[in-house]
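Have a look at the structure below, then the notes.
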Protein chains: 4
Amino acid sequence: MRFFSDNAAAAHPKVLEAIAAANQVDTAYDGDEWSARLDGAFSDLFGTEVRAFWVTTGTAANCLALATLCPPYRAILCHRDAHIEVDEAGAPGFFTGGAKLVLLEGDGAKVTPGTVTAACDAIRDDVHQVQPAVLSITNATEYGLVYRAAEVTALGNLCRQRGLRLHMDGARLANAVATTGESLADLTWRAGVEALSFGFVKNGGLNAEALILFDTELADEIEVRRKRAGHLLSKGRYLAAQILALLDGDLWLENAQAANAAAQSLVEAASGRLIYRVEANELFLKVSPDEAAQLRSAGFEFNEWGPGQIRLVTSWDQQSADRDRLAAAIRAL
Amino acid sequence: MRFFSDNAAAAHPKVLEAIAAANQVDTAYDGDEWSARLDGAFSDLFGTEVRAFWVTTGTAANCLALATLCPPYRAILCHRDAHIEVDEAGAPGFFTGGAKLVLLEGDGAKVTPGTVTAACDAIRDDVHQVQPAVLSITNATEYGLVYRAAEVTALGNLCRQRGLRLHMDGARLANAVATTGESLADLTWRAGVEALSFGFVKNGGLNAEALILFDTELADEIEVRRKRAGHLLSKGRYLAAQILALLDGDLWLENAQAANAAAQSLVEAASGRLIYRVEANELFLKVSPDEAAQLRSAGFEFNEWGPGQIRLVTSWDQQSADRDRLAAAIRAL
Amino acid sequence: MRFFSDNAAAAHPKVLEAIAAANQVDTAYDGDEWSARLDGAFSDLFGTEVRAFWVTTGTAANCLALATLCPPYRAILCHRDAHIEVDEAGAPGFFTGGAKLVLLEGDGAKVTPGTVTAACDAIRDDVHQVQPAVLSITNATEYGLVYRAAEVTALGNLCRQRGLRLHMDGARLANAVATTGESLADLTWRAGVEALSFGFVKNGGLNAEALILFDTELADEIEVRRKRAGHLLSKGRYLAAQILALLDGDLWLENAQAANAAAQSLVEAASGRLIYRVEANELFLKVSPDEAAQLRSAGFEFNEWGPGQIRLVTSWDQQSADRDRLAAAIRAL
Amino acid sequence: MRFFSDNAAAAHPKVLEAIAAANQVDTAYDGDEWSARLDGAFSDLFGTEVRAFWVTTGTAANCLALATLCPPYRAILCHRDAHIEVDEAGAPGFFTGGAKLVLLEGDGAKVTPGTVTAACDAIRDDVHQVQPAVLSITNATEYGLVYRAAEVTALGNLCRQRGLRLHMDGARLANAVATTGESLADLTWRAGVEALSFGFVKNGGLNAEALILFDTELADEIEVRRKRAGHLLSKGRYLAAQILALLDGDLWLENAQAANAAAQSLVEAASGRLIYRVEANELFLKVSPDEAAQLRSAGFEFNEWGPGQIRLVTSWDQQSADRDRLAAAIRAL
């Protein structure tokens with residue numbers, strides 16, 4: 001019974017149907033009719049004109065955006081536990097040509113206007129220190145907490161004052177929308193987000209992620225950088241078709257709601273052990289090594305997350321019987 | 001009727017079946033059982049121990065290999081018309097951190113020991129000039145010619161003498177095998193090739209290419225560079241499954257034979273116009289602008305390739321009726 | 001008797017005096033009073049507002065400028081024999097983060113609007129090919145020819161039409177001014193040059209070169225890039241003082257006139273052997289290996305420049321007796 | 001009266017004499033006789049065979065070494081207050097092509113085997129996290145503390161165990177030698193240091209620093225990287241001559257002793273305010289804004305170093321009268 005990553009989940013059947021339906025001759029790269037529909041589909045979804053690009057990984061989406069927002073000689077502010085800092089093998093350094101990540105503290109991998117301000121103020125404004133250019137936040141965070149629209153807006157306002165660009169890693173943005181009930185628009189561009197990595201692979205996709213530009217003037221550069229990084233696939237229609245299938249009838253939201261519900265179904269059993277509030281599809285629990293071994297031997301798969309801590313991740317296709325068994329097993333510890 | 005690119009062809013039905021069969025929960029990234037089978041499958045295919053990595057584009061396969069073979073301060077020798085020079089948006093410069101491409105001449109995009117030697121000899125051996133580190137060749141070439149095993153071996157021997165590493169862009173290596181009847185082993189590692197981009201997308205794949213390392217010591221670095229470039233997909237099983245499906249029963253070779261046969265079926269009609277011998281699945285024809293317009297208005301799609309020249313590419317799924325119509329149309333010009 | 005490089009010449013006595021005069025406590029980096037005078041001194045010299053930066057090498061001046069003018073994913077057009085292509089160890093690739101050099105042909109290392117236009121037209125305007133961003137020319141060229149103001153202007157106009165930035169490598173710009181009698185202003189910013197590497201080391205300096213920005217908005221980025229490349233010296237006053245000494249009383253022009261005159265004094269003797277017109281301080285001669293050996297054994301030092309060719313370079317401090325002896329030796333071959 | 005930086009000090013008269021003595025025609029770049037003597041001079045000084053390179057800044061020395069020791073996809077461990085992290089404008093990211101700095105804690109900018117071990121252990125050994133390759137330490141540290149030979153040896157041993165390379169930023173290594181009385185050999189290569197930035201500019205030099213390789217196999221790569229970074233000066237003899245002058249008769253040590261003595265002469269007056277022990281030529285004092293203003297108005301120049309703290313730096317040429325006046329002024333606060 002798999003609780004180690006939403007990356008492990010299968011793709012949604014409608015995604016496979018869409019791939020099959022796209023399996024015909026068409027123009028190469030992104031000249032096909034599916035790719036051509038992405039800008040419109042996401043502009044409708046976000047209620048504003050956007051430019052949308054398919055890529056195959058969140059790392060590509062994040063780092064193409066960051067390279068476009070941040071010159072090589074400036075810095076990206078992010079949380080110390082941000083995916084771009086701890087789980088992308090230094091990709092931001094590669095894509096930007098050596099820009100620096102300045103690491104912020106904050107409970108549950110959340111940053112606040114206060115931590116951003118303090119970090120900026122600690123940088124001497126001279127040629128010897130690397131000046132900040134971008135703030136990157138993750139919603140939902142790497143610890144399964146969400147930023148509400150008001151929180152993003154406060155960060156967006158600060159960025160505007162400080163001359164920072166604002167990037168959002170939305171690998172689990174769908175989960176944040178499902179939790180907050182706030183609109184995609186309010187959580188992103190209305191709050192000041194200029195480029196968004198919008199995750200689909202963890203949420204029922206097969207291998208397509210979306211990079212959304214609210215600052216549409218960045219699009220030409222992204223187009224070139226995507227090709228230059230080897231991320232312009234020859235047959236893009238199979239990526240675009242996946243995304244369109246997940247947008248159709250708000251399947252993306254339905255999947256996220258299912259994953260979140262699966263997480264919530266474990267909260268009560270885990271309540272004494274929870275390290276963070278459960279606001280998306282992840283639970284972080286205090287569990288002794290013995291207890292962890294016990295869970296494993298009962299057939300549950302999950303990752304350790306620091307000493308005495310484990311991470312449980314639920315997916316859009318999590319089986320209710322598995323959840324019930326896990327809840328029982330946790331209670332029984 | 002599409003003759004502009006083998007990238008435009010559909011994926012083979014068995015590739016879609018394989019993706020569907022892989023659509024289940026499994027370990028993320030490349031920890032799944034399909035990915036685990038790649039090394040063995042390619043080692044069997046090549047008759048030697050190799051390390052094999054899925055990626056989604058030929059550009060990624062080429063440039064990950066080149067970055068591992070060539071330090072940022074050295075040069076890659078390649079033909080002036082090589083894909084890495086003219087069609088990858090400068091990706092080699094990005095992946096290597098600024099290595100230089102030194103461009104070689106040669107009919108039909110082929111290089112010879114003579115051109116390689118001359119290029120090396122023209123570089124002063126001092127700190128002011130960029131010293132060569134790698135030779136990259138493409139088989140079949142960008143003009144649809146093939147290197148025979150003896151030709152690759154001659155280049156491989158020269159590379160050994162000169163201290164150069166040897167990379168092969170095999171986006172259409174399957175077509176070269178189909179034409180020459182020579183073995184994959186003879187065309188690659190036995191001839192001195194150390195890293196190979198083995199193309200599947202143009203040959204019935206959906207979005208999986210393979211990077212094959214004959215120098216298996218490069219594998220650790222490739223693994224890191226792949227992740228760092230955003231090319232480690234979260235659900236790698238869908239890529240590995242595609243490749244395994246194309247290897248199964250030598251479907252890759254069958255597809256290439258079909259594409260080559262389609263090209264040959266046009267040769268007679270085009271014979272007076274051919275710029276290069278037809279040795280793979282591409283034909284380059286002398287055609288006046290008026291004639292080109294005539295073909296287009298008859299429903300044939302293709303690309304111009306310099307003034308007064310057009311390129312026709314056939315695919316594994318080319319319809320024989322379309323080919324016959326095109327042959328007739330060319331004859332009628 | 002040294003004719004192999006103007007880099008080998010001594011520094012002018014006034015330069016050493018200026019260094020000694022600056023040998024006192026002052027602010028570090030470029031906060032000192034000598035550095036503070038550079039912008040004004042060069043603005044006066046060029047008759048327009050400029051920003052001026054000391055660096056220690058022409059490579060640094062060239063590549064800091066190019067990195068600021070050219071994004072990593074675009075190309076710099078330059079002559080095939082340009083110093084940035086053949087003698088800077090790939091520094092443009094390093095500083096820009098992988099931008100491409102597109103090489104132009106042209107007699108004597110000169111480019112023309114025609115060659116630039118042809119090179120631009122040969123680049124397909126799509127995402128697969130690297131689009132040009134900058135034209136870099138060298139005046140005087142690597143073969144000792146000069147661009148007149150009208151020639152630079154024609155290139156500048158073309159650049160404006162094509163959306164290209166214009167950089168000049170002026171390692172020997174002083175020699176070009178001395179030859180043409182045209183003003184620095186006419187040869188640079190009035191003709192469309194936006195950034196200039198202005199050479200002093202070959203012309204009496206010790207180790208200070210100047211990077212001049214006519215587009216003063218580039219200055220902030222140059223300042224950061226200079227530091228980031230390790231080119232912001234701790235005690236910049238010793239560089240600024242050198243440059244100010246060479247500007248004082250137009251010593252730079254006087255030195256260049258002396259070097260040019262030394263070259264001209266050899267022209268008659270070499271006339272039957274000259275490969276290029278002598279327009280600066282360099283002579284390229286057809287000389288057989290035997291003849292070259294004869295000159296060497298007579299005590300003359302110089303470099304071979306391709307088979308059967310030698311390069312002679314004169315300096316600001318060339319001794320007239322040495323020149324006379326060399327002229328006689330050439331005549332005697 | 002200047003106490004803000006040893007970079008502000010004048011060059012030693014013997015350095016200027018050496019420059020004047022080198023002011024003659026010689027071979028360009030590093031082909032001259034002064035440069036040729038560097039390897040031997042430093043091999044004698046360190047008591048082992050080394051390769052020595054002149055550069056003009058500590059940033060260049062540090063980052064050329066780091067780029068050679070650390071692949072772009074790995075990490076450099078250093079103290080959070082290390083010069084390479086806080087005062088080099090991100091140069092390590094530029095020179096390495098995007099390697100990461102992992103920041104260590106430690107009082108007075110010193111790292112210990114414990115902090116290094118903890119940092120390494122915190123990095124998951126997989127492809128998603130950036131693996132460490134180099135430890136860089138600064139001696140004397142940025143807060144004027146010194147590592148004894150035994151401390152460096154402990155770090156060197158740990159590096160060997162962990163497969164890390166060891167780099168030392170020795171911008172003020174002379175001061176550390178003067179303080180500890182330990183030999184250069186014991187403080188560097190015998191302790192495991194493989195590459196050393198040996199500072200001369202802060203210690204009586206004009207604009208020459210030395211990069212010393214104890215792992216002499218790195219030399220070829222350093223040579224190319226130095227050129228490629230624009231740091232191969234055309235007239236290197238003026239740099240080599242400076243360094244040789246400072247080595248001659250151990251002038252470098254004499255200068256450092258003078259600077260250290262100047263610092264010690266202030267210790268008693270400052271004793272109640274000292275934040276760190278004074279082990280080199282820097283004092284960090286707790287001083288209120290009012291008190292700082294008082295000192296400034298009395299003619300003393302210095303930098304603030306965080307709120308309520310000031311930094312005083314003494315130089316080889318510090319005037320005893322100035323020191324006495326400053327001591328008195330501090331006492332009088």
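Proteins come first, then strands; the chains are lettered A, B, ... in the order of their sequence lines, and each starts at number 1. Nothing here was measured: the structure is a model prediction, and the numbers come from that model.
Classification of the D:F300-D:F3 ring pair by plane angle, with boundaries at 30° and 60°, yields tilted.
How far OH of D:Y143 is from CG of D:L283: 14.0 Å, rounded to the nearest 0.5 Å. Rounding to the nearest 0.5 Å gives a distance of 9.0 Å between OG of D:S315 and CZ of D:F4. The CZ atom of C:R237 sits 14.5 Å away from atom CZ of C:R37, with the distance rounded to the nearest 0.5 Å. Taken to the nearest 0.5 Å, the CD1 atom of C:I212 stands 7.0 Å off from the CZ atom of C:F198. Summarising the geometry, atom OG1 belonging to C:T96 is positioned 12.0 Å from atom OH belonging to C:Y73; distances are rounded to the nearest 0.5 Å.
Options C:Q24, C:K202, C:E301, C:K227 differ in how many heavy-atom pairs under 4.5 Å they form with chain D, and the most are formed by C:K227. Note on D:L206, D:V201, D:V55, D:T57: by heavy-atom pairs under 4.5 Å with chain C, the leading option is D:L206. When the candidates C:I19, C:D32, C:T56, C:L239 are compared by the number of heavy-atom contacts under 4.5 Å with chain D, C:T56 comes out ahead. Between chain C and the residues D:A22, D:A28, D:G90, D:S5, the most heavy-atom pairs under 4.5 angstrom are made by D:G90.
Proximity to chain C (any heavy atom under 4.5 Å) is restricted, for D:D26, to the backbone atoms N, CA, C and O. Heavy atoms closer than 4.5 Å to chain C are found nowhere in D:R225, neither backbone nor side chain. Only the side chain of C:L16 comes within contact range of chain D, with heavy atoms under 4.5 Å apart.
Between C:N203 and C:L246, every side-chain heavy-atom pair lies at or beyond the 4.5 Å cut-off. Between C:L326 and C:M1, every side-chain heavy-atom pair lies at or beyond the 4.5 Å cut-off. The shortest distance between side-chain heavy atoms of D:E142 and D:D87 does not fall below 4.5 Å. For the pair D:Y238/D:N23, a side-chain contact is recorded, criterion being any heavy-atom separation below 4.5 Å from C-beta on.
Heavy-atom proximity under 4.5 angstrom to chain D picks out C:D6, C:N7, C:A8, C:A9, C:A10, C:A11 from residues 6-15 of chain C. Within residues 58-71 of chain D, the residues approaching chain C closer than 4.5 Å by heavy atoms are, in numerical order, D:T59, D:A60.
Between C:D317 and C:R2 there is a salt bridge, since at least one side-chain N of the basic residue sits less than 4.0 Å from a carboxylate O of the acidic one. Ion pair C:E282/C:R311 flagged as a salt bridge, since at least one NZ, NE, NH1 or NH2 atom sits closer than 4.0 Å to an Asp/Glu carboxylate oxygen.
In this structure, C:Q319 places its CD atom where only 12 or fewer heavy-atom neighbours from other residues, nucleotides or ligands lie under 6.0 Å away.
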